[in-house]
Amino acid sequence: MELLDPAVKRVWTIKGLLGWGILLPVTATVDVILFFLDNSSFLPGLWTGILFVTCLLWVLIIPKLRYRYWRYELRDEDLYAIRGIWNRVQTIVPLRRIQHLDVEQDLIEGNFDIARLVVHTAGTRSTDVVVPGLPYDEAVRLRDTVRDFISQYMD
Amino acid sequence: MEEPSAEFRRLHPLTFVHYVFLAIVGFVISFFSSTDTGVISTPFLIFAIVYIIIVGPFSIAKYIRFRYYATNDEIVIYYGVFKRVRRNIPSDRIQNVSIQRNLLSRILGTASVKIETAGTASAEGVLAFVGIQEAERLRNLFRTVQTTATIEENGSTLPGFHMPLQRVALAGIYQFSFALIAVVYTLFFQLISLDVIDLDKLGIWLTERFFSGEIVTGSWPIIAATFILPVLIGGWILGFLQYLIRFYNFRMELGPIKIYRKFGLLTIRESTLPYKRVQSFLIRSNPVMRLRRWYRLEIQTLGLESGERGFQPAMPFAKWSEITSLAPQIRPFTLPDTYSNVSRRTIQRYSIRYSLMIAIPLVILFVLWSENALWGFCLLPLAWGISWMQYLCHQWTFHDGNLLIRRRIFSQQFWIVPVERFQAFEITASFFQRRMGLCTLIVDTAGAGNFRYPRIIDLKMDDAKHLFGSLYDAFQKKDRNGAQSSA
């Protein structure tokens with residue numbers, strides 16, 4: 001089975017920083033103001049602390065773990081993916097059930113030249129299975145392989 | 001093929017009566033939503049201004065902009081005030097033409113026609129409202145393409161299911177409505193705040209009437225009698241009425257390629273459902289209904305009515321034998337003699353989970369309130385009991401090309417999922433499940449809800465892998481055959 005592009009770890013780190021890290025100065029400021037206004041509050045900086053730890057987790061540890069447990073494989077008739085840190089999920093998406101396919105890339109991913117393959121089925125739970133962190137060319141290659149399979153099957 | 005006149009048509013002019021009716025409802029609600037009596041309330045004023053300036057003119061513009069024409073090949077709808085849309089729906093894409101008539105439209109002789117396609121809700125066409133003849137014309141127009149017949153035309157010859165009034169009333173007895181209670185109580189307190197009802201006088205009247213005035217205030221039987229009992233009885237009666245109104249004269253018939261359904265007292269719903277779109281069966285029940293062997297059969301479809309979340313009632317209240325004789329005609333299935341259980345360790349896992357769900361709030365209560373909270377720990381055996389019941393109620397088997405799953409103690413579910421309807425296969429195992437060598441097997445189907453979907457929880461890892469393999473093999477075999485036969 002294939003691993004993701006290691007660059008995805010840095011993408012996740014940056015996204016984690018953007019998500020949680022931006023909140024950090026805000027809560028820190030609020031905490032400082034509160035401390036000077038009313039120093040009776042117990043454990044000053046508690047929320048900032050909690051947020052800081054969460055942030056560290058999301059930036060340093062989660063990306064590595066996510067990367068470690070992500071595997072995928074495009075087999076003859078299906079796409080097979082294993083992922084998840086806490087909840088380990090194995091999914092098989094039969095290629096015949098795929099409704100449409102997207103290769104997606106945002107600015108950060110573009111910087112690292114990686115992309116996501118998004119597979120849509122008619123199902124409701126795993127409507128879209130997303131394989132993140134593929135090298136862009138690899139994502140396009142996968143998409144074309146699946147597309148060829150589907151059009152062959154349709155004929 | 002004859003070419004029907006391709007001229008544009010508008011909606012029925014009586015559509016405006018519907019608009020006016022809605023407006024009146026809006027005015028009435030906004031009028032009563034304030035407790036100040038005698039003065040014109042702010043919500044009412046806001047509603048009136050918004051209605052007169054925006055909604056009213058917009059409705060007229062909407063009506064004027066709405067035009068359509070229908071031929072044998074397609075229906076074209078032009079609509080939109082600001083964003084102008086032209087929607088073409090080719091007739092071979094039309095899955096269903098459903099006609100809905102609420103009380104008002106039955107008085108006015110109008111109907112709302114919904115043209116359903118396999119796509120999402122936004123790809124559908126709704127004509128609200130047209131005259132009843134026009135509705136029939138549209139349905140017949142697209143029926144010629146789909147070659148079908150209606151219930152009225154040759155109803156009795158087809159196999160089907162009919163609920164006479166007795167059956168609907170019997171089914172209604174098993175219903176309970178929470179939503180309507182909320183409405184009634186909101187209304188009740190609204191009347192109190194408007195001084196229509198005086199709570200003190202009501203209390204005195206109640207105690208005098210039912211307890212001959214001898215009740216000590218604050219004793220709990222009176223609280224139960226004056227508050228909880230009416231809620232329960234009210235919820236029951238409302239549930240009964242709601243069910244009666246919804247499923248009155250329920251009729252389902254199995255045509256050559258479609259299922260027809262027609263039901264309702266005030267709003268009559270009439271729709272057809274192609275067999276092709278049937279994804280799976282869900283048979284529901286609860287312990288009370290089970291006592292008298294009553295069940296409810298639902299068909300999971302690609303999600304026609306968003307309100308039904310893809311589950312359509314096919315036999316709202318039926319005996320098991322009725323279901324097992326009729327449902328296989330919709331999609332063949334057979335029932336096995338034995339079912340497999342999941343791993344016994346599920347009892348342990350769920351006991352721990354439920355115990356924590358009981359214990360954590362109790363500890364918080366103990367800290368914040370009093371040590372009386374500790375008595376709550378007497379409930380702990382319940383955690384084990386429920387887990388054990390849950391284990392007994394959870395069974396599965398893969399039989400004759402269908403995955404059969406039975407689940408849940410109270411709101412019992414029995415799934416029949418044809419293997420060729422699977423969209424994706426999934427095995428998930430949480431941290432704790434992995435420690436116990438367990439996992440959950442999920443099959444994704446089209447049109448299942450976000451919360452209601454077929455899954456087997458706490459299978460042994462080896463069993464799951466084995467089942468996963470055999471399901472997938474069966475799926476591929478059927479799918480390849482399907483591909484060859486269609487090619």
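Below, chain A is the first sequence line, B the second, and so on; all start at residue 1. Just so it is clear, the model here is predicted, and its values are computed rather than measured.
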| More than 12 heavy atoms of other residues, nucleotides or ligands under 6.0 Å from NE2 of His100(A): is that the case? | yes
| said: For the CG atom of Asp444(B) and the CD1 atom of Ile92(A), what is their distance to the nearest 0.5 Å? | reply: 13.5 Å
| Flag if over 12 foreign heavy atoms under 6.0 Å of NZ, Lys465(B) | no
| field | Donor-acceptor contact below 3.5 Å, side chain Arg97(A) vs main chain Ala424(B) | value | no
| request: Tell me, yes or no, whether the heavy-atom count around Phe52(A) atom CZ, taken from other residues, nucleotides or ligands under 6.0 Å, exceeds 12. | output: no
| Are Thr428(B) and Arg88(A) side-chain neighbours, meaning at least one heavy-atom pair lies under 4.5 Å? | no
| task | Report the relative orientation of the aromatic rings in Phe432(B) and Trp86(A); use parallel for angles under 30°, tilted for 30 to 60°, perpendicular for over 60°. | result | perpendicular
| field | Nearest non-hydrogen partners of Arg434(B) and Asn87(A), listed with the distance | value | NH1-C, 4.2 Å
| field | Heavy atoms of other groups near Tyr136(A) OH, more than 12 under 6.0 Å | value | no
| For atom CZ of Arg147(A), is the number of surrounding heavy atoms from other residues, nucleotides or ligands below 6.0 Å larger than 12? | yes
| message | Atom CZ of residue position Phe366(B) - does it have more than 12 heavy atoms of other residues, nucleotides or ligands inside 6.0 Å? | response | no
| Can you check whether Gln90(A) reaches Glu426(B) side chain to side chain, under 4.5 Å on heavy atoms? | no
| task | Counting only heavy atoms closer than 4.5 Å, note whether Ile85(A) contacts chain B via side chain, backbone, both or neither. | result | backbone
| message | Going by the rule salt bridge (Lys or Arg N to Asp or Glu O under 4.0 Å), which residues pair with Arg344(B) if we only count those two or more places apart in sequence or in a different chain? | response | none
| From Phe475(B) atom CZ to Asp78(A) atom CG, the distance as rounded to the nearest 0.5 Å | 9.0 Å
| said: For Tyr472(B), which atoms come within 4.5 Å of any heavy atom of chain A: side chain, backbone, both, or neither? | reply: side chain
| query | What do the steps show when you test Phe425(B) against Val93(A) for side-chain contact (heavy atoms from CB on, under 4.5 Å), and what is the final call? | reply | CA-CA 7 Å; Phe425(B) 299 71; Val93(A) 184; over 6 Å; no
